[in-house]
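Inspection log for the structure reproduced underneath, given as structure tokens.
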Amino acid sequence: MGSLGTFLRYPDDIYPLLKMKRAIEKAEKQIPPEPHWAFCYSMLHKVSRSFSLVIQQLGTELRNAVCVFYLVLRALDTVGGTKEYKVLMDQLHHVSAAFLELEKGYQEAIEEITKRMGAGMAKFICHEVETVDDYDEYCHYVAGLVGLGLSKLFLASGSEVLTPDWEHISNSMGLFLQKTNIIRDYLEDINEIPKSRMFWPRKIWGKYAGKLEDLKYEKNSSNAVQCLNEMVTNALTHIEDCLKYMAALRDPSIFRFCAIPQIMAIGTLALCYNNVQVFRGVVKLRRGLTAKVIDRTKTMADVYGAFYDFSCMLKTKVDKNEPNASKTLKQLEDVQQLCRDNGVLHKRKSYVNDKGQSNNLYIVMLVILLAIVFAYLRANGVVSDEQ
């Protein structure tokens with residue numbers, strides 16, 4: 001769940017982590033008894049634990065539709081998969097059986113988006129991402145359409161209505177998440193065997209390197225970080241649309257389902273910006289911070305607060321000598337102003353000024369000591385789990 005050192009540094013992580021652990025255990029126990037639904041939910045837990053946790057925010061009917069939608073798109077994206085993905089493909093008939101039990105409105109949305117995504121992905125099998133327009137188009141096919149599909153499912157559930165610009169802002173929700181993943185996963189994608197996966201647009205990386213893979217070498221660190229920062233700046237352009245989309249949601253469960261991944265994305269971008277570690281290993285939010293986001297995200301004010309915090313964090317990392325510094329700063333200032341105008345920023349806990357708090361340290365150490373003593377006594381038969 002986390003290291004002792006991390007707990008001592010961030011004692012406020014402990015309670016949210018315990019709540020998240022309980023939620024994961026609860027989700028695993030709530031797998032439906034019917035074989036096809038049992039397969040769908042157990043497979044969802046295996047291919048994406050984070051998504052399987054967020055999906056639990058939804059009511060049963062909509063949750064079933066989103067679960068099937070997710071697995072169908074996973075299958076569409078899988079060619080010659082291994083491990084869990086091979087099991088998914090080999091037993092896809094269970095997903096089909098679940099699909100056929102959904103209401104017609106859900107079925108139509110899933111079918112339409114799956115066809116459009118398949119056609120779009122086929123286009124990029126032999127077409128490299130050259131321009132920024134290519135990049136946006138690719139992200140639209142693999143993620144923007146997911147945003148559109150989810151909006152259609154929300155509408156079919158009767159819980160939401162669509163705004164006049166719903167297609168555009170739904171697309172932006174998907175693009176923001178996808179671009180964050182593409183930035184974060186640079187090293188994993190470039191080292192993919194047998195062939196690298198290259199999603200960064202040549203129009204951007206071509207300014208900094210002869211080949212995209214050159215960015216991972218230490219001698220190119222300075223150029224690599226500048227390229228990374230331009231990629232992050234590009235992703236920031238979608239934030240205003242994302243905030244607009246979330247502010248229009250009416251159903252609390254759908255709101256949390258949508259908002260938690262978006263906050264995780266802005267937090268991840270804040271970590272990645274100006275961070276050469278993106279080209280060396282894995283950069284991601286610590287688990288305790290993820291647990292806090294899940295625990296604290298209940299209203300739009302929470303979203304504005306989180307976006308304000310992480311944009312402040314990112315802003316402190318901007319070097320004014322950067323080629324794109326003025327553009328980055330302008331985008332961050334616009335986000336901060338939007339959050340100030342709409343949020344209640346002073347009545348909340350900050351994610352950024354969330355360092356370990358010394359006044360809690362002794363309490364945490366005492367709890368840990370008691371836990372160790374209890375574990376020792378239980379192991380030696382002095383106490384038992386039964387009351």
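In what follows, residues are counted from 1 in the order of the sequence shown.
Between the side chain of Gln56 and the backbone N or O of Ala23 there is no donor-acceptor pair closer than 3.5 Å. In this structure, Asn342 contributes its side chain and Leu338 its backbone to a donor-acceptor pair below 3.5 Å. For the pair Ser170 (side chain) and Glu167 (backbone), a donor-acceptor distance under 3.5 Å is absent. Judged by distance alone, with hydrogens and angles left aside, the side-chain atoms of Arg116 form no donor-acceptor pair with the main-chain N or O of Tyr141 at under 3.5 Å. Looking only at distances, a side-chain donor or acceptor of Asn229 sits under 3.5 Å from a matching main-chain atom of Asn274. No donor-acceptor pair closer than 3.5 Å links the side chain of Thr237 to the backbone N or O of Thr233. Gln107 places a side-chain N or O within 3.5 Å of a backbone atom of Phe99 that can act as its donor or acceptor partner. When atom types are taken as modelled, the side chain of Asp302 and the backbone of Thr299 share a donor-acceptor pair closer than 3.5 angstrom. Judged by distance alone, the side chain of Arg63 and the main-chain N or O of Leu58 form a donor-acceptor pair under 3.5 Å. For the pair Asn220 (side chain) and Leu215 (backbone), a donor-acceptor distance under 3.5 Å is absent.
The heavy-atom pair separating Ile204 from Cys227 by the smallest distance is CG2-SG, 4.1 Å. Closest non-hydrogen pair, Ser151 versus Leu162, comes out as O-CD2, 3.9 Å.
Residues satisfying the side chain to side chain donor-acceptor pair (under 3.5 Å) criterion with Glu84, sequence neighbours excluded, are absent altogether. Legend: residues meeting side chain to side chain donor-acceptor pair (under 3.5 Å) with Thr290, ordered by chain and number and at least two apart, are absent. For Asp165, the side-chain contact (heavy atoms from CB on, under 4.5 Å) partners are Thr163, Ile169, Lys244, not counting sequence neighbours. Among residues two or more places apart in sequence or in another chain, the side-chain contact (heavy atoms from CB on, under 4.5 Å) test is passed with Arg250 by Glu160, Val161. Partners of Ile190 according to the side-chain contact (heavy atoms from CB on, under 4.5 Å) rule, which considers only residues two or more places apart in sequence or in another chain, are Tyr186, Leu187, Ser196, Met198, Leu212, Glu213, Lys216. Under the rule for a side chain to side chain donor-acceptor pair (under 3.5 Å), Asp185 has no partner lying at least two apart in sequence or in another chain. Asn223 meets the side chain to side chain donor-acceptor pair (under 3.5 Å) test with no other residue; sequence neighbours excluded. Considering only residues two or more places apart in sequence or on other chains, Lys203 meets the side-chain contact (heavy atoms from CB on, under 4.5 Å) condition with Val132.
Ionic pairing of Glu218 and Arg280 is not present here: no N-O contact between side-chain nitrogen and carboxylate oxygen is shorter than 4.0 angstrom.
Of the options Glu108, Glu112, Glu111, a salt bridge (Lys or Arg N to Asp or Glu O under 4.0 Å) to Lys152 is made by Glu112 and by none of the others.
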message: Run Thr131 and Asp133 through side chain to side chain donor-acceptor pair (under 3.5 Å) and show every step you take.
response: CA-CA 5 Å; Thr131 67; Asp133 285 343; 5.1 Å; no
task: Evaluate the side-chain contact (heavy atoms from CB on, under 4.5 Å) criterion for residues Asp77 and Met117: first the C-alpha distance (whole Å), next the side-chain angles of each, then the deciding distance (0.1 Å), finally the verdict.
output: CA-CA 9 Å; Asp77 192 38; Met117 184 180 289; over 6 Å; no
- request: Show your working on side-chain contact (heavy atoms from CB on, under 4.5 Å) between Trp166 and Leu155 and close with a plain yes or no.
  value: CA-CA 11 Å; Trp166 74 272; Leu155 178 66; over 6 Å; no
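Applying the ring-ring contact (aromatic ring centres under 6.0 Å, His included) test to residues at least two apart or on different chains, the pairs with a partner in residues 239-266 are Phe51-Phe257. Evaluation of the ring-ring contact (aromatic ring centres under 6.0 Å, His included) test over residues 107-140, restricted to residues two or more places apart or in two chains, returns Phe124-His127, Phe124-Tyr138, Tyr138-Phe199. Residue pairs meeting the ring-ring contact (aromatic ring centres under 6.0 Å, His included) criterion with at least one member in residues 11-38: none, sequence neighbours excluded.
To the nearest 0.5 angstrom, Ile254 atom CD1 is 5.0 Å from Leu62 atom CG. We find the CD1-CG distance between Ile182 and Asp189 to be 7.5 Å, quoted to the nearest 0.5 Å. One distance of note links CG of Leu289 with NZ of Lys284; it measures 13.0 Å at 0.5 Å rounding. Tyr70 contributes atom OH, which lies 6.5 Å from atom CG of Leu44 (distance to the nearest 0.5 angstrom).
When only modelled atom types and interatomic distance are considered, Asp309 and Tyr304 share no side-chain donor-acceptor pair under 3.5 Å. For Glu230 and Asn234, the side-chain atoms include no donor-acceptor pair closer than 3.5 Å.
Looking at Arg286 and Lys292, their side chains come closer than 4.5 Å, going by heavy atoms from C-beta outward. Side-chain atoms of Asn64 and Tyr41, non-hydrogen and from C-beta on, do get closer than 4.5 Å to each other.
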Donor-acceptor contacts under 3.5 Å from residues 90-98 side chains, at least two apart:
unit_1: Asp90; atom_1: OD2; unit_2: Lys86; atom_2: NZ; d: 2.8
unit_1: Ser96; atom_1: OG; unit_2: Leu92; atom_2: O; d: 3.4

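For Lys211, the NZ atom is loosely surrounded, since the number of other residues' heavy atoms within 6.0 Å does not exceed 12. Enclosure of atom CD in Gln226 by more than 12 non-hydrogen atoms of other residues, nucleotides or ligands within 6.0 angstrom is indicated. More than 12 non-hydrogen atoms from other residues, nucleotides or ligands lie less than 6.0 angstrom from NZ of Lys298.
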